[in-house]
Amino acid sequence: MPAFRAPRGTRDILPAEGPAWARLAAIAADLARRYGYAPIETPLFELTAIFERGLGEGTDVVEKELFRLETRGDEVSALRPENTAGIVRAYLEHGMQTWHQPVRLSTIGSMFRYDRPQAGRYRQFHQWDAEAIGDPGPAIDAELVELNARFYAEVGLTEVRARLNSIGDPACRPGYVAELTAFYRRREALIPEGDRRRVATNPLRLLDSKEEALVALNADAPRIVERLCATCAEHFAAVRVHLDALGIAYELEPRLVRGLDYYTRTAWEFYRAGAEGQQQALGGGGRYDGLAELLGGRPTPGIGFAIGLERVILALEAQESPHARPPSPGPAAVVVGADPDDTATRLRIATELRAAGLSVRADLGRRRLGRQLEGAAREGAHFAVIVGDELAAGNVLVRDLEAGTQRTVPLGGLARHIARGEAQHRHGVAAEE
RNA sequence: GUGGCCUUAGCUCAAUCGGCAGAGCAUCGGAUUGUGGCUCCGAAGGUUACGGGUUCGAGACCCGUAGGCCACCCCA
């Protein structure tokens, strides 16, 4: 057993998983480009106060999941548990209110939550985020929900469902929360002991509990959608009209509240149908019209979503999708040599081929030719360039590892020869598909 | 933070009742001094997660710790 292992709740992404990750990142980047969401990168850590104020002191994420950093200075920082607060901070800091509104931003990166790990839940995980700041909606709400759904579709996930709710705004939510608190107070005896303190601290959280007693209780709980103020109700209705126009299917879920305090009005969540385990949330988002103000800026509407990439890969695996493990592409050629001492020539020829734009590996070991060819074939190379006695006449052998054919090629025409063979090969693969 | 199950070679797993720690795959070498995926031969690889206890003797039994998985809490 090695002395060191990856820290609890973290994992190494090994080369075999590389293509799957690269594919998700490419799809996200392409969607961001097509939808006009400009790239942004914010720091992996922020002042702790940004999370405390933005997400809410009473949330689990802040209360027990924050990775607080011990530093030499007096600044108190924490690794980001999500990216929205940081992006809104950047929006305010860089005066993006003066840009053409709304500002559409997208990013992909690591998030950190000190949580108990289990399948699909890690202490360091990856999210794709898209945010639109500065548009009070409702059309933009539909744009984000549709973009969120589009990602799953393009990635190859089927059986994805959406849940939708509106959780009101400062005009109507306090009244609803009061009503909900009273509802739970009257039934305190039925609430599991561990949850009772939430009646006072965070009654909304009791709503989406999966505990049996609460699920039964919640069937009769007042529903926020029925208590929305006129403007919130109007907004929600308009979002639904837009979603219907886009053909986006969803279920109304009156118990969906989302975990963070900054959400207002529209909230949604995507999950994998048929996943009985709990780690089935694939992503979700919502409107956060109060967040900018909480971070000390002018009131600015905003809306966005985050997709958990580990969850998406897990769902692809569960669905036995070939996209869960796309094959690693082999090099166009591997340069092998008959003379174990002459690694210099192998290296030089490989360098020339790479300069011509080809993907080439040189076998720099001292193994005999047969082993070198075996290695080349196994990593999926199309050609082996064999350096041997022919070199004296300025030639090498080019072996087609799939066809098993071989011909003598002058060094001067080597790059062209392999490039042409690669193009034909790609064409052949494309024709098969 | 709470509870349940689990941990033997790089990977997947054996090891009878408590009695010499093994196999397949992978790695490296050879059969083949210049030709691959097959075959054959061989080598290397272990503090049986870690620490303690019981025993003549522990991979196995007991206690603790760490880690993994699962369920809660919560979330992506």
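If you're wondering where the values come from, they're calculated on a predicted model, not measured in any experiment. Throughout, protein chains are lettered first and strands after them, A, B, ... in sequence-line order, and every chain is numbered starting at 1.
Note on A:Gly370: only backbone sugar-phosphate atoms sit closer than 4.0 angstrom, heavy atoms only; bases stay farther off. Residue contacts for A:Gly365: at a heavy-atom cut-off of 4.0 Å it reaches no nucleic acid atom on any strand shown. A:Gln406 comes within 4.0 angstrom of a nucleotide base, judged by non-hydrogen atoms across all strands. Across all strands, A:Asp339 comes closer than 4.0 Å to no nucleic acid atom at all (heavy-atom distances). Among the heavy atoms of the strands, none lies under 4.0 Å from A:Glu379. Residue A:Leu397 is classed as a base contact, given a heavy-atom separation below 4.0 Å to a base. A:Gly337 comes within contact range of no nucleotide atom at all, as no heavy-atom separation falls under 4.0 Å. Residue-level contact check: A:Ile386 touches the bases, meaning some heavy atom is under 4.0 Å from a base atom.
Cation-pi check for A:Arg113 over A:Phe125 is not met; the charged atom does not lie both under 6.0 angstrom from the ring centroid and within 45 degrees of its normal. The cationic group of A:Arg163 lies under 6.0 Å from the six-membered ring centre of A:Tyr271 and within 45° of the ring axis, placing it in a cation-pi geometry.
Residue A:Arg8 is the one, among A:Arg8 and A:Leu282, whose nearest nucleotide of RNA chain B lies closer to the 5' end (criterion: closest heavy atom). Annotation: of the two residues near RNA chain B, A:Glu374 and A:Arg116, the 5′-most nearest-nucleotide partner is A:Arg116.
Distances shown here put a side-chain N or O of A:Arg368 below 4.0 Å from the OP1 or OP2 atom of B:G30. A:Arg367 has a side-chain polar atom (N or O) that falls below the 4.0 Å cut-off from OP1 or OP2 of B:C28. Put simply, A:Arg123 has no side-chain N or O that comes within less than 4.0 Å of OP1 or OP2 on B:C75.
Within the structure, side chain to side chain donor-acceptor pair (under 3.5 Å) contacts touching residues 15-29 of chain A (residues at least two apart or in different chains) are A:Arg11-A:Glu17, A:Arg23-A:His323.
Only the C1' atoms considered, B:G22 is 10 Å distant from B:U8, to the nearest whole Å. If you take atom P in B:A60 and the same atom in B:U16, they sit 12 Å apart, rounded to whole Å. The gap from the P atom of B:U2 to that of B:C73 amounts to 16 Å, rounded to the nearest Å. Comparing the C1' positions of B:G45 and B:G10 gives an interatomic distance of 9 Å, to the nearest angstrom. Comparing B:G46 with B:A15, their C1' atoms sit 14 Å apart, to the nearest whole Å. Comparing B:C62 with B:G24, their C1' atoms sit 34 Å apart, to the nearest whole Å. Taking atom P in both B:G51 and B:G59, the straight-line distance is 13 Å, to the nearest Å. Only the P atoms considered, B:U54 is 31 Å distant from B:A14, to the nearest whole Å.
As a whole-Å value, the separation of A:Leu314 CG from B:C70 C1' is 13 Å. For A:Gln118 and B:C5, the CD to C1' distance is 14 Å, given to the nearest whole Å. Rounded to an integer number of Å, the gap from CG of A:Asn395 to P of B:G34 is 19 Å.
Taking a cutoff of 4.0 Å between a charged side-chain nitrogen and a carboxylate oxygen, A:Arg265 and A:Asp141 do not qualify as a salt bridge.
Aromatic ring centroids of A:Tyr288 and A:Tyr263 lie 6.0 Å or more apart.
With respect to A:Asp115, the salt bridge (charged side-chain N to carboxylate O under 4.0 Å, His left out) criterion is satisfied by exactly one of A:Lys64, A:Arg8, A:Arg121: A:Arg121.
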